[in-house]
Amino acid sequence: MTLSEELSWRGFVNQTTFGDIKALDKPLTFYWGVDPSSDSMTIGNLALAMMVRHFIDHGHKAILLVGGATGMIGDPDGKNEERDLKSLEEIQKNKDGIAAQYRRIFAGQDFEIVDNYDWFKGLGYLDFLREVGKHFSMTQLLDREFVQSRIGKDGKGISYAEFSYSLIQGYDFLHLFRKKGATLQVAGADQWGNSIAGVELIRKLEGKTAHIWTGPLVINTSTGMKFGKTEGGAVWIDPNKTSVFDFYQFWLNVDDAGAPQYLKFYTLLSQEEIKHLEQETKQSPKNRAAQKKLAYEVTKIVHGKAQADAAKQATEQLNGADTAINNDMIPILSVGQSDELNIIKVLVDAKLATGQSDAKRLVSQGGVRFKDLKITDQFEPIRGEGLLQVGKRRFLRIQRKSD
RNA sequence: GCUGGGAUAGCGAAGUGGUCAAACGCAUCUGACUGUAAAUCAGACGGCCUUGUGCCUUCGGGGGUUCGACUCCCUCUCCCAGCACCA
């Protein structure tokens with residue numbers, strides 16, 4: 001199957017400068033970047049990463065960019081107000097985090113990591129204005145949709161720095177075109193405007209045609225909202241921000257309607273396999289075949305097979321009312337043999353509640369269970385060991401030390 | 001720089017001297033129903049405890065008036081609009 005066919009059936013086609021997407025079927029050099037606004041990608045970035053994987057698998061040369069320079073400014077697109085600048089230390093930490101995740105997700109594949117700070121740090125302001133700024137029309141820059149929404153009566157304002165963001169990104173493309181022969185930028189749907197700036201620069205300065213390929217914004221099909229938001233905020237790739245178990249659970253809980261599409265985006269399963277899972281889910285939805293496969297596959301890609309197996313096992317054991325979980329997917333609280341525990345304190349310490357008020361609220365609303373028994377009295381001490389459950393899917397194992 | 005408008009909980013948005021921890025909507029959490037789904041319904045949603053017509057901290061920052069301020073006055077910061085400046 002060619003790349004254009006692969007991207008088509010998986011639904012990765014959004015907007016592109018290619019007249020005919022078959023142009024993708026002969027290998028070229030492309031780049032994709034993640035903004036270091038955090039030290040981890042979210043599953044929003046992951047969808048694009050999976051798209052990039054298909055490019056690499058079909059023989060395209062990948063340049064993966066960490067936006068050290070762009071991160072210093074902050075992408076204003078899609079934001080409704082000016083953002084605080086990040087410290088250099090924070091950007092460095094974020095860059096390191098993103099680069100590490102590139103290496104993990106694309107392990108075994110051929111790619112090169114670059115940082116746009118490397119070519120911006122030596123570039124003077126005047127040089128930049130002369131070489132890049134001169135080629136941008138103020139009218140066009142002002143006409144951009146997000147600029148219009150930020151200025152004017154109901155806008156929250158925009159600084160010159162953020163306003164200029166797309167010039168920086170545009171220059172990235174020019175630079176990578178010149179130095180690395182990149183003729184294609186792959187990006188998320190929201191990056192079209194920023195990306196096109198690069199295409200124009202290349203046309204004006206080099207007289208060459210470069211291209212853009214944007215992937216779709218993944219939405220939750222049942223709510224129409226951006227996909228990947230959950231109780232704790234975003235779903236992160238970093239297991240310290242979203243535990244492997246929570247990550248697995250997130251996928252396990254996606255809605256039926258969206259599951260087939262998520263399989264196409266987030267796994268490397270074949271068209272036949274996905275079609276089969278879709279059928280199975282339609283026939284007996286309660287088996288959640290698509291969700292189970294999805295959860296396992298995505299967890300495997302992001303966290304490795306061992307972790308995926310462990311998350312799957314823990315989930316099965318929980319479901320079978322077997323509290324003797326024998327892996328470390330569920331956090332453990334180890335206490336003395338005869339300690340009497342205060343449930344409120346346990347919930348707060350284990351971060352299962354945001355504070356004491358929240359913990360008490362959970363108990364009074366019947367959201368806390370110990371060994372399958374609802375805890376109704378916040379003062380009742382906890383004795384013995386077993387599984388503590390908060391809400392539907394948050395758990396803590398309480399164990400006694402044998403002293 | 002001048003004139004006018006604005007800043008309220010995660011977001012949006014009421015409130016214009018006391019009944020305000022602050023309406024309402026969204027988001028979120030819990031429960032019920034289910035299939036660990038969706039939809040629906042119910043409750044919660046600043047913090048703390050001795051759970052009470054309880055205490056503490058909040059309505060951009062600081063100060064003041066008042067028995068009492070989210071509400072009035074002064075001042076600072078930031079945003080928006082128009083004007084001026086750049087021309």
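Letters A, B, ... are given to chains in the order of the sequence lines, protein chains preceding strands, and every chain is numbered from 1.
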Check your understanding: Among the nucleotides B:U50, B:C49, B:G35, which one has an atom lying closest to any side-chain atom of A:Lys360?
Key ->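 Nearest nucleotide to the side chain: B:C49.
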Point to revise | From B:U51, B:A38, B:G35, nucleotide with atom closest to A:Pro285 side chain | key: B:G35
Between [X] ([atom1]) and [N] ([atom2]), how many Å, whole number?
X        : N     : atom1 : atom2 : result
A:Arg393 : B:U30 : CZ    : P     : 8 Å
A:Lys282 : B:G35 : NZ    : P     : 20 Å
A:Gln356 : B:C45 : CD    : C1'   : 17 Å
A:Asp255 : B:U34 : CG    : C1'   : 15 Å
A:Arg394 : B:G31 : CZ    : P     : 9 Å
A:Gln365 : B:G43 : CD    : P     : 11 Å
A:Tyr262 : B:A37 : OH    : P     : 15 Å
A:Glu278 : B:A37 : CD    : P     : 21 Å

With a cut-off of 3.5 Å and sequence neighbours excluded, list every side-chain donor-acceptor pair involving residues 304-312 of chain A.
| unit_1 | atom_1 | unit_2 | atom_2 | d |
| --- | --- | --- | --- | --- |
| A:Lys305 | NZ | A:Asp309 | OD2 | 2.9 |
| A:Asp309 | OD1 | A:Tyr296 | OH | 2.7 |

Review point. Which part of the nucleic acid, if any, lies within reach of A:Arg288 when heavy atoms closer than 4.0 Å are counted: base, sugar-phosphate only, or nothing?
Key: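 Since a base atom lies under 4.0 Å of A:Arg288, the category is base.
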Practice item. Please work out if A:Leu362 contacts a base, only the sugar-phosphate, or nothing of the nucleic acid, heavy-atom cut-off 4.0 Å. Key: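 Contact class for A:Leu362: sugar-phosphate only.
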Review point. Is the phosphate of B:G46, meaning OP1 or OP2, less than 4.0 Å from a side-chain N or O of A:Arg361?
Key: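 For A:Arg361, the contact criterion (side-chain N or O under 4.0 Å from OP1 or OP2 of B:G46) is not met.
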Exercise for review: Assess the pair A:Tyr102 and A:Phe111: is the distance between their ring centroids shorter than 6.0 Å?
Suggested key: no
With a 3.5 Å cut-off and sequence neighbours excluded, list the donor-acceptor pairs that the side chains of residues 344-356 of chain A form with protein atoms.
| unit_1 | atom_1 | unit_2 | atom_2 | d |
| --- | --- | --- | --- | --- |
| A:Lys345 | NZ | A:Asp349 | OD2 | 2.8 |
| A:Thr354 | OG1 | A:Asp358 | OD2 | 3.3 |

Point to revise | Pairwise C1' distance, B:C49 and B:C56 [rounded to whole Å] | key: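 About 11 Å, rounded to a whole number of Å.
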Review point. Do you see a donor-acceptor pair shorter than 3.5 Å between the side chains of A:Gln109 and A:Asp57?
Key: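 The criterion, which ignores hydrogens and geometry beyond distance, is satisfied for A:Asp57 and A:Gln109.
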Point to revise | Positions of residues 292-303 of chain A (non-hydrogen atom under 4.0 Å from RNA chain B), listed by number | key: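 Output list: empty, so none.
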Exercise for review: Could you give me the stems involving RNA chain B, meaning stretches of three or more consecutive Watson-Crick or G-U wobble pairs whose two defining distances are both below 3.5 Å?
Suggested key: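 Correct response: B:1-7 with B:77-83, B:10-12 with B:24-26, B:28-32 with B:40-44, B:46-48 with B:54-56, B:60-64 with B:72-76.
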Show me the donor-acceptor pairs, under 3.5 Å and distance only, between side chains in residues 9-16 of chain A and residues at least two apart or in other chains.
| unit_1 | atom_1 | unit_2 | atom_2 | d |
| --- | --- | --- | --- | --- |
| A:Trp9 | NE1 | A:Glu6 | OE2 | 3.4 |
| A:Arg10 | NE | A:Glu6 | OE2 | 2.8 |
| A:Arg10 | NE | A:His54 | NE2 | 3.3 |
| A:Arg10 | NH1 | A:Lys264 | O | 2.9 |
| A:Arg10 | NH1 | A:Thr267 | O | 3.0 |
| A:Arg10 | NH2 | A:Glu6 | OE2 | 3.3 |
| A:Arg10 | NH2 | A:Leu269 | O | 2.8 |
| A:Asn14 | ND2 | A:Thr214 | OG1 | 2.8 |
| A:Thr16 | OG1 | A:Phe18 | N | 3.1 |
| A:Thr16 | OG1 | A:Ile212 | O | 2.7 |

Exercise for review: Classify the side chain of A:Asp256 and the base of B:G35 as holding, or not holding, a donor-acceptor pair under 3.5 Å.
Suggested key: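 Such a pair exists between side chain and base.
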Review point. Honestly, is A:Arg144 close enough over A:Phe163, meaning NZ or CZ under 6.0 Å from the six-membered ring centre and within 45° of the axis?
Key: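 Yes, a cation-pi geometry holds between A:Arg144 and A:Phe163.
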Exercise for review: For A:Lys360, enumerate each residue passing the salt bridge (Lys or Arg N to Asp or Glu O under 4.0 Å) test, keeping only those at least two apart in sequence or located in another chain.
Suggested key: none
Review point. Do A:Glu385 and A:Arg397 meet the salt-bridge criterion of a basic N to acidic O distance under 4.0 Å?
Key: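 Salt bridge absent between A:Arg397 and A:Glu385.
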Review point. Does the pair A:Lys179/A:Glu112 count as a salt bridge with the N-to-O cut at 4.0 Å?
Key: no
Review point. Would A:Arg369 and A:Asp372 satisfy salt bridge (Lys or Arg N to Asp or Glu O under 4.0 Å), going step by step from the backbone distance to the final call?
Key: CA-CA 6 Å; A:Arg369 248 171 264 263; A:Asp372 277 335; 5.7 Å; no
